[in-house]
Amino acid sequence: RCGSTLVANSLIAMNPDQHRVYSESAPPLKALGLCGDSYERCSQDMAVQVLQNVMFLMGRTNDVDEEHMFFKIQSAGTNHIHTFTKAFPT
């Protein structure tokens with residue numbers, strides 16, 4: 001194992017009121033699957049927009065204490081790393 005679960009749990013424990021951590025949550029990868037592995041169903045630009053929208057919606061909160069959001073993505077997400085880096089370049 002690579003310790004990513006330890007990091008995710010540490011982020012939560014560090015400040016549970018301010019940190020939201022999604023650990024291997026399905027919606028980001030499901031969103032990427034809409035366009036297909038080779039973008040046969042829609043363009044990479046559309047995949048970028050869908051991913052940004054899904055993660056934005058997952059970040060919505062009415063808890064004023066929450067300040068940070070972290071995603072632990074499954075290893076299958078590495079197949080779409082170029083889409084992730086285009087969606088979130090910094």
Side-chain angles (χ1 to χ4, degrees):
R1 307 293 301 192
C2 64
S4 59
T5 300
L6 176 62
V7 172
N9 290 340
S10 296
L11 288 167
I12 294 169
M14 196 167 65
N15 199 331
D17 293 334
Q18 291 184 348
H19 294 176
R20 182 189 303 186
V21 177
Y22 287 105
S23 185
E24 300 188 5
S25 182
L29 288 184
K30 292 285 188 183
L32 290 168
L34 293 174
C35 291
D37 289 337
S38 301
Y39 306 107
E40 61 272 7
R41 291 189 290 273
C42 60
S43 69
Q44 184 184 22
D45 288 336
M46 179 61 71
V48 165
Q49 187 64 55
V50 170
L51 179 62
Q52 288 171 332
N53 289 342
V54 165
M55 294 178 96
F56 171 78
L57 290 171
M58 291 177 76
R60 300 278 295 161
T61 182
N62 60 358
D63 185 345
V64 296
D65 291 332
E66 281 189 351
E67 293 184 12
H68 306 296
M69 179 174 62
F70 303 93
F71 286 88
K72 176 188 164 200
I73 303 293
Q74 301 95 309
S75 59
T78 59
N79 296 330
H80 302 283
I81 194 70
H82 49 283
T83 303
F84 276 100
T85 57
K86 191 171 180 180
F88 305 100
T90 56

Minimum heavy-atom separation for Ala76 and Leu29, please, with both atom names. CB-CD1, 4.1 Å
If you apply the rule side chain to side chain contact (heavy atoms under 4.5 Å, CB included), what do you find for Ile12 with Phe70, and how did you get there? CA-CA 9 Å; Ile12 294 169; Phe70 303 93; over 6 Å; no
Charged N-O contact under 4.0 Å between Arg20 and Asp63: no
Expected output: side-chain Gln52 to main-chain Ala87 donor-acceptor under 3.5 Å: yes
Do Phe71 and Val21 have side chains that approach each other closer than 4.5 Å (heavy atoms only, starting at C-beta)? no
Test of understanding: clusters of I, L, V, M, F, W, Y form through side-chain heavy atoms closer than 4.5 Å, transitively. Do Val7 and Met69 belong to the same one? no
Between Phe84 and Val48, is there a shared hydrophobic cluster once you connect ILVMFWY residues whose side-chain heavy atoms come closer than 4.5 Å? no
For the residue pair His19 and Met14, establish whether any side-chain heavy-atom pair is separated by less than 4.5 Å. yes
Decide yes or no on side chain to side chain contact (heavy atoms under 4.5 Å, CB included) for Thr83 and Tyr39, but give the supporting numbers first. CA-CA 11 Å; Thr83 303; Tyr39 306 107; 2.3 Å; yes
OG-NZ distance between Ser25 and Lys30, expressed to the nearest 0.5 angstrom: 11.0 Å
Side-chain contact, heavy-atom cut-off 4.5 Å: Asp37 with His80? yes
Of all heavy-atom pairs linking Val54 and Ala31, the shortest is CG2-CB, 3.6 Å
Nearest-0.5 Å distance that lies between atom CD1 in Ile73 and atom CD1 in Ile81: 9.0 Å
Would you say the side chains of Gln49 and Asn53 form a donor-acceptor pair under 3.5 Å? yes
Looking at every heavy atom in both Ser43 and Cys35, which two are closest together, and how far apart are they? O-SG, 3.9 Å
Once you round to the nearest 0.5 Å, how far does OG of Ser10 lie from CG of Asn15? 13.0 Å
Report yes if some heavy atom in the side chain of Met46 is under 4.5 Å from a heavy atom in the side chain of Arg41; otherwise report no. no
How about Asp17 and Glu66: do any of their side-chain heavy atoms sit closer than 4.5 Å? no
Not counting sequence neighbours, which residues clear side chain to side chain donor-acceptor pair (under 3.5 Å) with Gln74? List them please. none
Please tell me if the side chains of Met58 and Tyr22 come closer than 4.5 Å, counting only heavy atoms from C-beta onward. yes
